[in-house]
**Student:** 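So that we are looking at the same thing, I have put the structure below in structure tokens.
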Amino acid sequence: MNKPLAHPHLSEPVARFLGGKHQAFIDGKWVDAVSGKTFETYDPGSGRVIANVAECDAADIDKAVAAARAAFESGPWPRMTGSERARMMWRLAELIEKHAAELAELEGLNNGKPVANVGNVDLMLSCETLRYTAGWATKITGETIALSTAPTMHAFTLREPIGVVGQIIPWNSPIMMACWKIAPVLATGCTTVLKPAEQTPLTALRLAQLLQEAGVPDGVVNVVPGFGPTAGAAIAAHPGIDKVAFTGSGEVGRLIIQAAAGNLKKVSLELGGKSPVIVFPDADIDVAVPGAARAIFTNSGQVCAAGSRLYAHTRVFDKIIAGVAAEAKKIRIGHPLTEGTQMGPLVSKEQLERVSGYISQGESDGALVVTGGDRIGKEGYFIEPTILTDTNPEMSVVREEIFGPVLCAIRFDDSDLDEIAKEANRTMYGLAGSVWTRDLSIAHKMVRKIRAGTVGVNIHSSIDPALPFGGFKQSGWGREKGRDVLDLYTETKSVVMAL
Ligand code: NDP
């Protein structure tokens, strides 16, 4: 492991940002929480407190919803054209790029993701999602309908913004999640009240400064840091919110649905996964091995689409496991701000305990640890990339989302494709999956048999702003990104004219 930085050297912009106040952003103004309360936020690479942040609760959510409603109904926002909104989104992307070094450092410090990864993946995808979705701002149209019973009438549909949205995001890719959520809001002309995760509020607050600089009118985007059971629950239940968009655990997803029932607000959910990586004996091993390793170890396994169940044909199983274990040992683990770090810590002490708990449970259920399994050091929340074999489908490590760098490897033999797919589909989740083979027939057949929202062939879960993303089964409701996201943020109005 690279030596953890005792006192990370911070750049001047990050030091300045951390030295300031971290208030809520409501109606274009920086304000303390109504209660005056704050909470501490940490560097998971050292476990040290790096800032105190306004702790919003129901009273602040009321203020933010009132601001979002006013901005939706009056003032400059509803009068802006799609073209003006799109230009604003491009300006925001440019500002993110201008401040990329600072944002990457701040994200690494608060979330634990290596700075280079934040820049190359999270910030790149944040900007590209803003630009791609901006393209739709000028293409939100209905269609002319030929009525089936009254052909002489003129009928058409309009697509109108759904209204005030509540958005609750997790800690695993904070700024990218914020941009993925804000992009369709801006493109469609909605307004939002966005709550970042309590572990990682900082880049969302910095993003709010950039939104203001990009010219987004007051009240359109409100950022309210706070805790799930207070601020988050108040968003989910608020009668003034028309739609809630949530990314996180299935457990909280269920709470959101219940709370949303009060005013029957629309709900979209991007939940977890336990995604299979299926390697056939004819696969290119030199492609499959690093691909399977990346599928689980990227972002310390804290990825909803992580390939956490590896199914390998018995003829190549040992070779694949040895290869992935070798890849795991090569990963340079260290403080996210240390140059050359490839894997940082888990996001929090709780997550470290949760992941360690799963590994211990797996071992006591009879799984074999091929590599990893232990915490690294005492400072920060580092854990070794881990591979478990000798698992069975009843074990919690195979059934449940661990959200850490823990891979369960399982053999299959010459069973037919239906049997292999049945095993891969034996999960309540359906977010992603991948098939590794050079046989086109196997590839096409398996793609159709896997019950998941995104399936890769010789690649695991490629994310792109143009590609719809979401889950089958208990992995969620609705599709974000691509053209599909417009369905989540607009209402269809049918118009009939008796001429
Ligand atoms: P949660 O689902 O608890 O958190 C996600 C977001 O929901 C956070 O902003 C959280 O706030 C908020 N929240 C929590 N409780 C409520 C509530 N009652 N009403 C409204 N909002 C609420 O995830 P955890 O952080 O607890 O992580 C636990 C597990 O969830 C992980 O180990 C992983 O398995 C899964 N997960 C999946 C993610 C995905 O991308 N699909 C992302 C994150 C986690 P607060 O920050 O205050 O907790």
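Whatever order the structure lists ligands and atoms in, that order sets their numbers, starting from 1. Keep in mind that the numbers below use all heavy atoms, side chains included, and drop hydrogens, waters and symmetry copies.
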**Student:** Measuring from non-hydrogen atoms of A259 to any atom of ligand 1, is the shortest distance under 4.0 Å?
**Tutor:**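 Not so, A259 does not reach ligand 1.
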
**Student:** Please report the closest heavy-atom contact between L95 and A214, naming both atoms and the distance.
**Tutor:**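 In terms of heavy atoms, the two residues are closest at CD1-N, 3.7 Å.
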
**Student:** Could you tell me whether G228 and ligand 1 have an N or O pair separated by under 3.5 Å?
**Tutor:**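 Yes - when backbone and side-chain N and O of G228 are compared with those of ligand 1, one distance drops under 3.5 Å.
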
**Student:** Test of understanding: given a 4.0 Å heavy-atom threshold, classify the contact between A197 and ligand 1 as side chain, backbone, both, or neither.
**Tutor:**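 Both the backbone and the side chain of A197 come within reach of ligand 1.
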
**Student:** Looking at residues at least two apart in the chain, or sitting in another chain, which of them share a side chain to side chain donor-acceptor pair (under 3.5 Å) with T191?
**Tutor:**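 For T191 there are no side chain to side chain donor-acceptor pair (under 3.5 Å) partners, ignoring immediate neighbours.
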
**Student:** Look at atom 24 (P) of ligand 1 and find which of Y358, F403, W171 reaches it with the closest heavy atom.
**Tutor:**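 Ranked by closest heavy atom to atom 24 (P) of ligand 1, first place is W171.
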
**Student:** Going by the atom numbers of ligand 1, which of them fall below 4.0 Å from some non-hydrogen atom of L255?
**Tutor:**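 So the atoms of ligand 1 that pass are 18 (N).
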
**Student:** Is the closest N or O pair between F227 and ligand 1 shorter than 3.5 Å?
**Tutor:**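 So ligand 1 has no N or O lying under 3.5 Å from an N or O of F227.
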
**Student:** Quick one: list whatever passes side-chain contact (heavy atoms from CB on, under 4.5 Å) with D464, sequence neighbours left out.
**Tutor:**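 Here the qualifying residues are A466, L467.
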
**Student:** Compute both the distance and the angle, then confirm whether K481 meets the cation-pi test with Y132: under 6.0 Å from the six-membered ring centre, within 45 degrees of the axis.
**Tutor:**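 No, K481 does not lie over the aromatic ring of Y132.
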
**Student:** Could you list which atoms of ligand 1 come closer than 4.0 Å to a heavy atom of P170?
**Tutor:**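 That gives atoms 42 (C), 43 (C) of ligand 1.
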
**Student:** Regarding atom 30 (O) of ligand 1: of the candidates G273, G471, S249, G272, which has the closest heavy atom?
**Tutor:**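 Looking at heavy atoms only, S249 sits closest to atom 30 (O) of ligand 1.
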
**Student:** Any idea which atoms of ligand 1 are less than 4.0 Å away from a heavy-atom of T247?
**Tutor:**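 So the answer, numbered in order with elements, is 5 (C), 40 (O).
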
**Student:** Could you check, using the six-membered ring where one of them is a Trp, whether F403 and W171 have ring centers closer than 6.0 angstrom?
**Tutor:**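 When the ring centroids of F403 and W171 are compared, they turn out to be within the sub-6.0 Å range.
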
**Student:** Which ligand 1 atoms, with their elements, are less than 4.0 angstrom from a heavy-atom of F246?
**Tutor:**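 Every atom of ligand 1 under 4.0 Å from some heavy atom of F246: 2 (O), 5 (C), 6 (C), 7 (O).
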
**Student:** Any side-chain heavy-atom pair from R375 and Y381 closer than 4.5 angstrom?
**Tutor:**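 Side chain of R375 against side chain of Y381, heavy atoms only: contact under 4.5 Å found.
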
**Student:** Under 4.0 Å from a heavy atom of C304: give me the atoms of ligand 1 that qualify, with their elements.
**Tutor:**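 With C304 as reference, the close atoms of ligand 1 come out as 39 (C), 40 (O), 41 (N).
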
**Student:** Of the backbone atoms (N, CA, C, O) and the side-chain heavy atoms from C-beta on, which set of V303 has a member under 4.0 Å from an atom of ligand 1: side chain, backbone, both, or neither?
**Tutor:**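 Looking at V303 and ligand 1, no heavy atom falls under 4.0 Å.
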
